[in-house]
J.: 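Here it is, the structure in full.
Index from 1, following the sequence. Treat the numbers as computed from the prediction; the structure is a model and nothing was measured.
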Amino acid sequence: MDCRTSAAATAGAFVSPYDHLFHALSLIPFSHYFLAAFLMFLTFLYNFLEIHFLHDLLTGFKGDPVVLTYNSCSDLYQLVAAKCRLLHGRYCPTPWISSPHLQTAFLSFFGRAPQVTYRRHLFCTPDGGTIALDWLLHSDVVDGASQMTDAALKDDRTPVLIVIPGLTSDSASSYVKHLAFRMARRGWDVVVSNHRGLGGVSITSGCFYNGGWTEDIRKVVEHIHCQHPEAPIFAVGTSLGANILVKYLGEDGANVPLVGAAAVCSPWDLLICDRFLNRKLVQKVYNRILTVGLQGYAQLHQSIMSCFVDWEGLQKSNSVREFDNHSTRILAKCETVDTYYRRASSVPYVQNVSVPLLCISALDDPVATREAIPWDECRANKNIILATTTHGGHLGFYEGLTAASVWWVRAVDEFFSVLLSSPVMNRRNKEQSSSTLPVMESLIDQEPFMTVKEDAMVTTAGNEPRDTAQEDIDTEHLVQHGKDEDTVFDEGTRHGSEHKTPLENDLMQQPEQSTEDMIVPIGRRIDQLARQSRQSIWLLAYIAIATTWPLLGPALLVLKRRLKNRGLARFFRQ
């Protein structure tokens, strides 16, 4: 009996402990495993999507304060931004989409945009391109449709807002509708400047838009300024449209006909954003989504684009960089993709912005990274107010329990409203009437664009203005996105060649000035320079004596003593 017991004990001693562990795990119900796996998945999803619901819950859903970056000597802040309640408040995201990725996805798939019906106007550029300008007037929101006549446009002083959408976006995008509806309801006239080939309009020339192409918005602004000479004109750029807007403002400086602008979620530096989109897994998802959108845009205009770009490489592109390598950089006449990104970025032009500009960016933007925000450049420019929020996503910024409101739309509305009634507006009008500052030219805009002749021969032409006048084509009926309707239009008046810039007017007035009026100021200035030169010479002499005196002083004393000793020696010899 003792032998059997000892044998059983010996056999039990050699049983693996993992058998006991597996036996214990098998006793746990399967529902507990499922619950544990579900909690682990939620934890992963919470961190992957960067959800901040718990943080908002612990802080009582008060949100985070808006941080303003501006020049300490800026009158724009003292007279305008200081009076904006939203810019000095807190932004609290919608609790059930408290994530930058959820905000961005909700904007793309749902949007909660109001119903708007645009009035389409087809604008023809000097190179033969066609840009769809979708108008939304105050009367369209309140009283319904009304007719726009040339006489009414010339006398109308209603503020005009130009909206520049982002990459592959148009007037049908949710965030564009939010902005257009709110500003039109306030009493403004809103026009959405769709990029070439977007908004249901075909490519009618061999010139395509890109992230640094500012010639289209320049022509559109000049056209609207000519049609509304008495109206204050504002502009809002979103995402890539914000980069184009800031670059345009920096290139033209004080010669811009705008009186105010806003850049929302601008990528600023395209090279940094390209590196950012290839860094993490979630950013690579955005990179792929943007690439699919660009490929869809190219498919719409395959008959023209296939003549200029590497079409096979374009179709096989898996990232925005690959698409730009096979298409965009070729159309922009850049040697490499990095060259295109550097030339198209708006950061080098921030310092030359002369228009009151509000910049809004979210620090958790999954597309336009915070690393590209030009903090120092914005702080150095007195005409820029940079507002950054902790959360918001890319153009999301939804707020309220129902996510019916977009924070940045309300912030832009408040900023423009205060700016319109501030002394800065009068100062800006005086600068526009007397400004003759030189214009910074864009490197990309200097590149030639391609045109296709009737015999399928490809030629190149520069961006010099042509002799042909611009054609303005107005539609006879309303255009509503989402419906496949034919556009019937009539040719408008040709006005482009009759419009003269302030610089041309000054050059025409110069021969009328007398010789004395031109010589007297020059002579006075020469006298001032001569006096300043004499003062500068005496000042330099004083500085030289003061700085060298510690060395010259002891030397002079030694020399004096030697001369004195020699004089005494001669005296005794005599």
J.: If you count heavy atoms of other groups shown closer than 6.0 angstrom to CZ of Phe48, is the number above 12?
T.: yes
J.: Could you check whether any side-chain heavy atom of Arg370 comes within less than 4.5 Å of a side-chain heavy atom of Ser361, counting everything from C-beta outward?
T.: no
J.: Is there side-chain contact between Val191 and Asp134, with heavy atoms separated by less than 4.5 Å?
T.: no
J.: Looking only at the side chains, is there a donor atom on one of Asn210 and Thr328 sitting less than 3.5 Å from an acceptor on the other?
T.: no
J.: Is there a side-chain contact between Arg120 and Val201 in this structure, where contact means two heavy atoms from C-beta onward sitting under 4.5 Å apart?
T.: yes
J.: To the closest 0.5 Å, what do you measure between CD1 (Ile360) and CZ (Phe415)?
T.: 9.0 Å
J.: Hey, which of Arg329, Arg321, Glu322 is the one that makes side-chain hydrogen bond (donor to acceptor under 3.5 Å, both in side chains) with Asn325?
T.: Arg329
J.: Out of Asp274, Asn278, Asn318, which residue meets the side-chain hydrogen bond (donor to acceptor under 3.5 Å, both in side chains) rule with Asn287?
T.: Asn278
J.: Within the 4.5 Å heavy-atom criterion, are Gln315 and His326 side-chain neighbours or not?
T.: no
J.: side-chain hydrogen bond (donor to acceptor under 3.5 Å, both in side chains) with Arg196: which of Thr125, Thr204, Thr130?
T.: Thr125
J.: Any donor-acceptor pair under 3.5 Å linking the side-chain atoms of Tyr91 with those of Thr390?
T.: no
J.: For Asp189 and Thr158, test the side chains for any donor-to-acceptor distance below 3.5 angstrom and give the result as yes or no.
T.: no
J.: Could Arg279 and Glu371 be called an ion pair, given the rule that one side-chain N must be under 4.0 Å from one carboxylate O?
T.: yes
J.: Tell me, do Leu240 and Thr168 make a side-chain contact under 4.5 Å, heavy atoms counted?
T.: no
J.: Applying the side-chain hydrogen bond (donor to acceptor under 3.5 Å, both in side chains) criterion to His394, which one of Asp364, Thr104, Thr238, Asp365 satisfies it?
T.: Asp365
J.: Taking the side chain as everything from C-beta on, heavy atoms only, tell me whether Tyr248 gets closer than 4.5 Å to Glu215.
T.: no
J.: Taking the side chain as every heavy atom from C-beta outward, state whether Val236 and Leu179 have any pair of such atoms under 4.5 Å apart.
T.: yes
J.: Where do Glu50 and Ser99 land on the side-chain hydrogen bond (donor to acceptor under 3.5 Å, both in side chains) test, with the steps shown first?
T.: CA-CA 6 Å; Glu50 302 176 38; Ser99 163; over 6 Å; no
J.: Is any side-chain heavy atom of Pro232 less than 4.5 Å from a side-chain heavy atom of Pro159?
T.: yes
J.: Between Trp268 and Tyr349, does the ring centroid distance fall short of 6.0 Å?
T.: no
J.: With the threshold set at 4.0 Å, does a side-chain nitrogen-carboxylate oxygen contact exist between Arg186 and Asp413?
T.: yes
J.: CZ of Arg112: more than 12 outside heavy atoms within 6.0 angstrom?
T.: yes
J.: Find the distance between CG (Leu136) and CH2 (Trp188) and round it off to the nearest 0.5 Å.
T.: 14.0 Å
J.: Tell me the closest heavy-atom pair linking Ser171 and Tyr118, and the distance in Å.
T.: O-OH, 2.7 Å
J.: Apply salt bridge (charged side-chain N to carboxylate O under 4.0 Å, His left out) to Lys247 and Glu251, showing your working.
T.: CA-CA 6 Å; Lys247 187 169 180 286; Glu251 288 172 357; 2.6 Å; yes
J.: Apply side-chain hydrogen bond (donor to acceptor under 3.5 Å, both in side chains) to residues Asn243 and Ser346 and explain how you reach the verdict.
T.: CA-CA 6 Å; Asn243 182 79; Ser346 60; 2.9 Å; yes
J.: Pick from Ile224, Ile233, Val160: which one makes a side chain to side chain contact (heavy atoms under 4.5 Å, CB included) with Leu258?
T.: Ile233
J.: Answer yes or no: is there an ion pair linking Glu222 with Arg218, defined by an N-O contact shorter than 4.0 Å?
T.: no
J.: Do any N or O atoms from the side chain of Asp170 and from the backbone of Leu198 form a donor-acceptor pair under 3.5 angstrom?
T.: no
